[in-house]
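Beneath this line is the structure, given in structure tokens, with notes to follow.
Quick note: numbers below take in every heavy atom, side chains included, and nothing from hydrogens, waters or symmetry partners. Worth saying up front: this structure is predicted, and the values here are computed from it rather than measured. Whatever order the structure lists them in is the order used to number ligands and atoms, beginning at 1.
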Amino acid sequence: MTPLLQVEHLSKHYEGRRSLIERMTGVPHTVVRAVNDVSLSVGKGEILGLIGESGCGKSTLGRAILRLNEPNAGKVTFDGTDVTALDPLALKNMRRRMQIIFQDPYASLNPRRTVAEIVGLPLKLHGLASGEEARAITARIVERVGLKANQLDRYPHQFSGGQRQRIGIARALVSNPEFIVCDEPVSALDVSIQAQIIALLLELKREMGLTYLFISHDISVIGYLSDRVAVMYLGEIVEMGPVEDVLANPRHPYTQSLLSAVPEIEPKGRRARVRLAGDLPSPLNPPAGCKFHTRCPLAIDICRVREPVSESVGPGHQAACHRLAEGLNLLDGAGA
Ligand code: SF4
């Protein structure tokens with residue numbers, strides 16, 4: 001499949017905050033390595049699911065791809081254009097083709113704007129339509145996402161959470177984009193509403209020929225809708241491959257631990273429940289060697305000093321772990 005989006009060695013590091021005393025005494029900045037040397041591609045019409053715990057850098061990666069957060073290093077190519085090299089005007093034009101749906105349907109909509117203004121704004125920004133024409137286009141997309149055209153002059157607070165997310169989806173789609181970063185679009189919604197929004201996103205993808213980078217911390221959602229999956233841990237991709245292959249034959253211990261918490265998609269016959277020790281380490285002070293070693297039940301000495309490199313473990317399937325050759329699986333009770 002021809003990649004529509006290609007991400008090469010992308011990094012997003014932030015300067016950590018310093019206290020007044022630290023600033024006055026010249027204590028150097030700490031660095032938060034939110035996204036570190038990430039490479040991936042998304043084929044035209046594909047859904048790449050990006051999975052990982054809260055705080056692992058998934059949303060930062062999605063935003064860095066769109067340059068909503070400027071990356072520090074690396075390259076993003078979209079349909080042959082180097083997005084990272086675009087000047088502000090060219091980037092603005094590119095944004096028509098690359099959109100985002102945000103997680104929080106409450107915070108992402110301006111409470112002082114009507115639905116018509118919120119959804120119609122991209123048409124105005126990109127000079128695509130104005131006046132009655134813009135209102136007609138806005139009404140059509142609002143109806144397509146399941147709201148009514150007579151709700152155009154209402155404000156966000158007059159809608160439920162699910163309806164607000166539909167407004168966010170309409171805003172992302174109104175400029176007729178090709179690629180959408182879906183940044184945890186259902187995590188803030190009730191379970192019953194989640195299913196409706198996922199069904200809507202899949203329908204729209206089919207109708208409009210869209211390509212998604214779908215970000216979620218829920219592996220059952222990712223397993224349901226993705227073609228391929230990338231597993232992220234502390235700012236890095238630790239495993240990536242076709243979704244059926246990664247779910248049936250997870251090779252990285254972190255992926256295995258994520259799967260162990262979801263009985264319904266757990267590979268047949270594997271019942272071991274993996275409980276990881278501790279929390280996700282801080283990206284301010286990531287562990288040396290393999291970043292997962294502080295929580296990995298399979299960690300050995302080399303894991304504490306040397307970072308594993310990603311290697312092929314099957315067609316289109318890669319993982320980064322020193323113990324791949326041993327074929328260990330936490331789901332089979334390894335490391336217990
Ligand atoms: Fe665990 Fe070591 Fe593999 Fe990292 S490299 S996932 S610590 S076994």
Side-chain angles (χ1 to χ4, degrees), residues 9-11 13 31-40 48-58 60-61 215-219 222-223 226 228-262 265-267 270-336:
H9 306 290
L10 201 73
S11 293
H13 298 170
V31 177
V32 180
R33 297 173 197 281
V35 172
N36 214 24
D37 197 22
V38 166
S39 297
L40 53 82
L48 177 67
L50 182 62
I51 176 87
E53 286 163 280
S54 291
C56 74
K58 312 181 292 296
T60 307
L61 173 60
I215 299 172
S216 177
H217 64 270
D218 186 338
I219 200 159
I222 291 288
S226 307
R228 287 189 305 127
V229 57
V231 182
M232 197 166 188
Y233 186 80
L234 213 56
E236 297 178 358
I237 303 294
V238 297
E239 182 160 7
M240 181 158 51
V243 73
E244 320 80 47
D245 197 18
V246 172
L247 297 190
N249 188 21
R251 300 299 306 277
H252 195 281
Y254 181 58
T255 314
Q256 293 162 6
S257 73
L258 290 177
L259 277 167
S260 84
V262 188
I265 59 169
E266 199 173 291
R270 290 175 174 166
R271 288 281 152 223
R273 179 75 197 259
V274 184
R275 292 187 198 285
L276 295 180
D279 295 325
L280 190 70
S282 166
L284 253 176
N285 189 19
C290 172
K291 293 193 170 47
F292 187 51
H293 86 252
T294 53
R295 302 168 79 196
C296 180
L298 301 181
I300 52 176
D301 287 349
I302 191 175
C303 307
R304 297 178 186 93
V305 290
R306 190 183 301 168
E307 193 159 5
V309 291
S310 189
E311 48 186 288
S312 173
V313 291
H317 187 173
Q318 301 102 36
C321 171
H322 289 303
R323 305 192 70 180
L324 289 174
E326 297 170 68
L328 300 169
N329 197 325
L330 301 176
L331 295 163
D332 294 333

Any donor-acceptor pair under 3.5 Å from Lys58 side chain to Val231 backbone: no
Over 60° means perpendicular and under 30° means parallel, so tell me whether Tyr254 and Phe292 are parallel, tilted or perpendicular. perpendicular
Output yes if Cys290 passes the N/O/S-under-2.8 Å test against atom 2 (Fe) of ligand 1; output no otherwise. no
In this structure, are over 12 heavy atoms from other groups packed under 6.0 Å from Arg306 atom CZ? no
With atoms numbered from 1 as shown, which atoms in ligand 1 lie under 4.0 angstrom from a non-hydrogen atom of Pro253? 6 (S)
Considering the heavy atoms of Phe292, write down every atom of ligand 1 situated less than 4.0 Å from one of them. 6 (S)
Side-chain (Ser39) to main-chain (His9) donor-acceptor, under 3.5 angstrom: yes
Main-chain N/O of Leu331 paired to Asn329 side chain as donor or acceptor, under 3.5 Å: yes
Ligand-side contact atoms (ligand 1) for residue partner His293, heavy atom cut-off under 4.0 Å: 7 (S)
For atom 3 (Fe) of ligand 1, decide whether Cys321 has an N, O or S atom at a distance under 2.8 Å. yes
Within 4.0 Å of some non-hydrogen atom of Leu298, the atoms of ligand 1 are 8 (S)
Please confirm if an N, O or S atom belonging to Cys296, backbone or side chain, lies less than 2.8 Å from atom 1 (Fe) of ligand 1. yes
